[in-house]
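Let me begin by presenting the structure, written as structure tokens, before commenting on it.
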Amino acid sequence: MALQASTLLPPALSVPKEGKSNASFKDSTLFGVSLSDFVKADFSSFALRCKSQCSQRKLSAGIIRAETMVAMPAVNQATPEARKTLRKGCVVITGASSGLGLATAKALAETGKWDIIMACRDFLKAERAAKSAGISKENYTIMHLDLASLDSVRQFVDNFRRSGRPLDVLVCNAAVYLPTAREPTFTAEGLELSVGTNHLGHFLLSRLLLDDLKKSDYPSRRLIIVGSITGNTNTLAGNVPPKANLGDLRGLAGGLNGLNSSAMIDGGDFDGAKAYKDSKVCNMLTMQEFHRRYHEETGITFASLYPGCIATTGLFREHIPLFRLLFPPFQKYITKGFVSEEESGKRLAQVVSDPTLAKSGVYWSWNNASASFENQLSQEASSPEKARKVWEISEKLVGLA
Ligand code: NDP
Ligand code: PMR
């Protein structure tokens with residue numbers, strides 16, 4: 001269970017049971033402040049102050065669209081058995097320009113066994129990040145991918161195929177988190193940005209690249225979708241309001257466009273923090289649906305994970321300054337859920353390449369000694385019925401059905 005961090009918490013911060021209210025920590029205090037006040041303050045009273053920070057990065061930054069020139073790798077003429085031991089694995093990591101994705105690229109590069117495709121929306125940022133992380137040139141290639149545009153996803157797939165590389169592992173890691181946004185913003189196709197990027201962009205990408213994974217002759221082919229504790233309401237972290245809840249999926253079915261349909265999956269009022277958590281539930285459901293539909297037939301490993309609370313990453317860039325200041329020490333000293341970027345990268349790298357983590361359909365987590373274990377998902381995040389519905393509606397939204 002992902003409750004291990006909660007065992008280190010004061011008893012007042014007990015974990016409510018699935019489906020129960022979060023009343024158990026409502027009256028607790030953090031640094032002498034009521035937790036409920038902390039949460040409320042976090043999401044409301046500073047919202048005005050940070051409005052200027054809330055503009056979408058995608059819209060404000062001059063996004064540099066650059067495609068890499070990719071060299072065709074020499075065709076390996078060895079026998080299939082010999083090939084398995086000879087060639088490097090090829091892994092695509094989305095959002096490898098910072099945080100977990102970058103740390104994973106670094107950890108894999110250090111083994112010398114991986115050809116890493118950094119699938120990023122900002123080419124120059126990715127190049128600088130790879131350099132400053134000390135990833136050597138022969139181990140990575142940057143290819144442009146903007147998950148907030150389904151056209152860009154399709155173009156990435158074409159470009160990747162044109163590079164002639166095999167696809168051995170796909171890591172769906174990129175995400176945006178917009179906790180202070182008061183109004184929804186949208187992808188190129190008009191889908192709410194958090195779910196559009198974190199879930200739907202990755203859904204299309206992984207559906208298209210499944211064929212490439214099927215063709216690979218690599219000994220262990222894997223499709224990994226990064227999940228999170230905060231989407232799981234069977235944990236304390238998952239009970240911090242606003243809680244993930246996909247409801248009856250009416251907003252998703254309506255196209256998440258904020259016009260004739262809600263921008264939220266459950267059809268409710270827009271809430272950026274909830275939209276992120278909902279998107280993580282979709283990520284974890286998608287992994288399981290992939291497993292049910294394709295594992296037996298293809299042998300591909302489908303997995304998700306909670307890498308730990310990497311409180312220092314760019315994920316919190318849109319959050320208020322006070323949050324960014326207090327969140328790392330809060331996670332380090334109070335919840336003890338904190339993990340460094342380097343450590344989180346090693347964890348995800350294990351899910352990519354460790355032979356002991358090859359089981360399919362698993363949501364991996366790590367205990368305080370950094371030992372991996374198969375974690376349990378919340379009722380909603382493990383519902384086969386919901387997974388099937390999310391899959392079917394998502395197919396329509398990304399133009400696959
Ligand atoms: P970062 O913000 O550091 O990394 C997110 C990455 O996603 C960046 O490289 C970013 O690109 C990229 N990205 C965002 N939008 C797009 C887009 N439209 N197209 C392509 N790439 C995009 O956050 P983290 O490293 O923390 O997050 C990585 C994953 O880990 C996410 O899936 C998150 O949900 C998950 N996670 C994080 C936790 C944490 O505590 N930080 C805990 C649990 C899970 P750019 O650099 O250009 O902005
Ligand atoms: Mg949370 C065991 C306790 C635990 C853990 C592991 C996390 C992880 N958090 C825990 C507890 C609490 N958090 C408690 C008790 C509070 C109330 C004070 C709290 C608050 C909080 C906020 C306001 N936590 C947050 C936020 C965010 O904005 C982050 C978030 O939800 O992002 C979606 C967050 C997180 N807490 C975590 C983790 C891993 C996150 C962020 C990352 C994520 O899920 O991707």
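Atoms within each ligand, like the ligands themselves, are counted from 1 in listed order.
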For [X] and ligand 2, answer yes if some heavy atom of the residue is under 4.0 Å from a ligand atom, otherwise no.
X: Lys280; value: no
X: Thr235; value: no
X: His319; value: yes

Geometry only, no angles: is [X] polar-contacting ligand 1 at N/O separations under 3.5 Å?
X: Asp146; answer: yes
X: Ser228; answer: no
X: Ala119; answer: no
X: Asp122; answer: no
X: Leu147; answer: yes
X: Gly314; answer: yes
X: Arg121; answer: yes
X: Pro307; answer: no
X: Leu100; answer: yes

Checklist outcome for this item: Note: Leu315, heavy atoms under 4.0 Å from ligand 1, region reported as both
Checklist entry - Within a strict 4.5 Å, meaning less than it, do heavy atoms of the Gln288 and Ser382 side chains meet? => result yes
Against ligand 1, does [X] come closer than 4.0 Å with any heavy atom?
X: Arg317; result: yes
X: Cys309; result: yes
X: Ser279; result: no

For ligand 2, which atoms, with element, lie under 4.0 Å from some heavy atom of [X]?
X: Leu315; result: 45 (O)
X: Val240; result: 12 (C), 13 (N), 14 (C), 16 (C), 19 (C), 20 (C)
X: Cys309; result: 37 (C), 38 (C), 39 (C)

Is the gap between the ring centers of [X] and [Y] under 6.0 Å?
X: Phe290; Y: Trp391; value: yes
X: Phe316; Y: Phe327; value: yes
X: Trp364; Y: Phe302; value: no

Next on the checklist: What verdict does the salt bridge (charged side-chain N to carboxylate O under 4.0 Å, His left out) test give for Asp217 and Arg87, after you've listed the backbone C-alpha separation in whole Å, the side-chain angles of each residue and the deciding distance to 0.1 Å?
Outcome noted: CA-CA 10 Å; Asp217 64 350; Arg87 76 167 171 86; 2.8 Å; yes
Checklist entry - Nearest heavy atom to atom 41 (C) of ligand 2: which of Tyr306, Tyr177, Phe316, Phe323 does it belong to? => result Phe316
